[in-house]
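In what follows, a structure is listed as structure tokens, so that the remarks can point back to it.
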Amino acid sequence: MIGEISRISYDPDRKFWLKPRFITWFFFGSDVFAFIIQSTGGSMTITEDTKVSGRWICVVGLAVQLVFLLAFTLIAITVLRNPLYKVTKGPKDDDERVAKRRVMWVILGTTALLYMRSIYRLIEFVDGYGGKIYSAEWAFYVFDFVPIFLMFLIYIVFFIGYNFPRYGVSGSSIALC
């Protein structure tokens, strides 16, 4: 969504340091990169010979994911604070400024929940399969299920789809980059 906000706000005459295409592909690529590291480590945990090293490779993958999530958060805060970045006014918004604030707080709120879940997953892997965190069912519900459930709830209650152009619909003048 940050890439879409950048795309909506993009003006070639102004010097944006966040290019729309870069944002989208950077974070897509970082997710794939972190996933490959985690899945490599996970596949190594199957055999007894590589179980320990596989677990630590998973930990590295989770840490890489946290670093990229932090970068996303910093960029989202930049977009929130910079008046050059705009979103479309939705039916429940008084003006574009209110719309942007609502959209960005939804993004930042759900990112914070995702960060909390990712930290839990990192600690769970460091603790190991036989550890206290892995065997505590309540921790799974509180730190894994609840954040995901709240993210879904936030996106349902504060639906932000109206704040972005619908491509292929007549009247939408913004073209894909």
Side-chain angles (χ1 to χ4, degrees), residues 1-7 17-82 85 87 99-161 163-164:
M1 286 181 268
I2 298 297
E4 188 63 25
I5 292 170
S6 181
R7 198 176 346 272
W17 65 276
L18 295 174
K19 302 292 184 207
R21 193 173 280 269
F22 169 78
I23 295 170
T24 303
W25 284 105
F26 177 76
F27 289 111
F28 175 76
S30 68
D31 280 346
V32 170
F33 179 62
F35 178 74
I36 289 171
I37 295 171
Q38 291 171 46
S39 58
T40 300
S43 66
M44 290 174 65
T45 61
I46 294 171
T47 62
E48 202 60 44
D49 296 344
T50 58
K51 190 176 216 162
V52 173
S53 58
R55 189 177 98 208
W56 287 108
I57 290 173
C58 278
V59 168
V60 168
L62 289 166
V64 166
Q65 184 179 19
L66 284 172
V67 168
F68 285 121
L69 195 55
L70 178 63
F72 175 83
T73 304
L74 295 174
I75 290 173
I77 290 169
T78 300
V79 169
L80 172 65
R81 298 180 76 194
N82 189 332
Y85 294 100
V87 299
K100 178 183 173 183
R101 197 172 334 136
R102 186 174 61 79
V103 166
M104 292 310 299
W105 282 113
V106 166
I107 292 171
L108 288 168
T110 54
T111 301
L113 289 167
L114 183 59
Y115 210 81
M116 181 179 84
R117 179 186 180 269
S118 297
I119 290 171
Y120 162 73
R121 299 287 295 157
L122 180 68
I123 294 169
E124 180 185 41
F125 267 87
V126 169
D127 195 32
Y129 292 114
K132 292 179 183 177
I133 295 172
Y134 188 79
S135 60
E137 193 172 348
W138 68 268
F140 172 79
Y141 288 116
V142 171
F143 297 113
D144 204 343
F145 170 75
V146 171
I148 291 173
F149 176 75
L150 289 175
M151 284 185 267
F152 275 109
L153 197 61
I154 288 169
Y155 277 109
I156 290 169
V157 172
F158 302 102
F159 180 69
I160 60 175
N163 299 101
F164 298 99

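We count residues from 1, following the sequence as given. Only this structure's heavy atoms are used, side chains among them; waters, hydrogens and symmetry mates stay out.
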F33: which residues meet the ring pair (Phe, Tyr, Trp, His ring centres under 6.0 Å) condition with it, sequence neighbours left out?
none
Residues forming a side chain to side chain contact (heavy atoms under 4.5 Å, CB included) with A136, sequence neighbours excluded:
W138, A139
Listed once per pair and sorted, the side chain to side chain donor-acceptor pair (under 3.5 Å) pairs that draw on residues 99-109, sequence neighbours left out
D93-R102, R102-N163
Looking at T45 and G54, would you say the former's side chain and the latter's main chain have a donor-acceptor pair under 3.5 Å?
no
What's the shortest heavy-atom distance between G41 and C58, and which atoms?
C-SG, 3.4 Å
Flag side-chain contact, heavy atom, 4.5 Å: L114 against F72:
no
Inter- and intrachain pairs under side chain to side chain donor-acceptor pair (under 3.5 Å), touching residues 53-75, at least two apart
Q38-Q65
Under the ring pair (Phe, Tyr, Trp, His ring centres under 6.0 Å) test, residues paired with F28 that sit two or more places apart
W25
So the salt bridge (Lys or Arg N to Asp or Glu O under 4.0 Å) pairs with at least one residue in residues 104-117 (sequence neighbours excluded) are R117-D144
Let's go through L69 and S118 carefully: what are the C-alpha distance in whole Å and the side-chain angles of both, what is the deciding distance for side-chain contact (heavy atoms from CB on, under 4.5 Å) to 0.1 Å, and is it a yes or a no?
CA-CA 9 Å; L69 195 55; S118 297; 4.3 Å; yes
Look at atom CZ of F158 and say whether more than 12 heavy atoms of other residues, nucleotides or ligands are closer to it than 6.0 Å.
no
Residues in side chain to side chain donor-acceptor pair (under 3.5 Å) with Y155, at least two apart?
T110
From E124 atom CD to F143 atom CZ, the distance as rounded to the nearest 0.5 Å:
11.5 Å
Kindly state each residue pair satisfying salt bridge (Lys or Arg N to Asp or Glu O under 4.0 Å) with at least one member in residues 23-43, sequence neighbours excluded.
none
Just jot down the ring pair (Phe, Tyr, Trp, His ring centres under 6.0 Å) partners of Y115, sequence neighbours excluded, or say none.
none
Where do V142 and P147 come nearest, in terms of heavy atoms and distance?
O-CD, 3.3 Å
Ring pair (Phe, Tyr, Trp, His ring centres under 6.0 Å) partners for F152, two or more places apart
none
Non-hydrogen side-chain atoms of I133 and Y120 separated by less than 4.5 Å
yes
Looking at G61 and A34, what are the two nearest heavy atoms and their distance?
O-CB, 3.8 Å
Taken to the nearest 0.5 Å, the spacing of M151 CE from M116 CE works out to 8.0 Å
Show your working on side-chain contact (heavy atoms from CB on, under 4.5 Å) between L113 and I154 and close with a plain yes or no.
CA-CA 11 Å; L113 289 167; I154 288 169; 3.8 Å; yes
I want to know whether F68 and F26 have ring centres closer than 6.0 Å.
yes
Minimal heavy-atom distance between T50 and M44, with the atoms involved, is OG1-O, 2.6 Å
Nearest 0.5 Å, please: how far is CD1 in I36 from CD1 in I57?
13.5 Å
Go through the structure and list residues passing side chain to side chain contact (heavy atoms under 4.5 Å, CB included) with S43, not counting sequence neighbours.
none
Only counting residues at least two apart or in another chain, list the ones meeting side chain to side chain donor-acceptor pair (under 3.5 Å) with E137.
Y141
Any side-chain heavy atom of L66 sitting closer than 4.5 Å to one from L62?
no
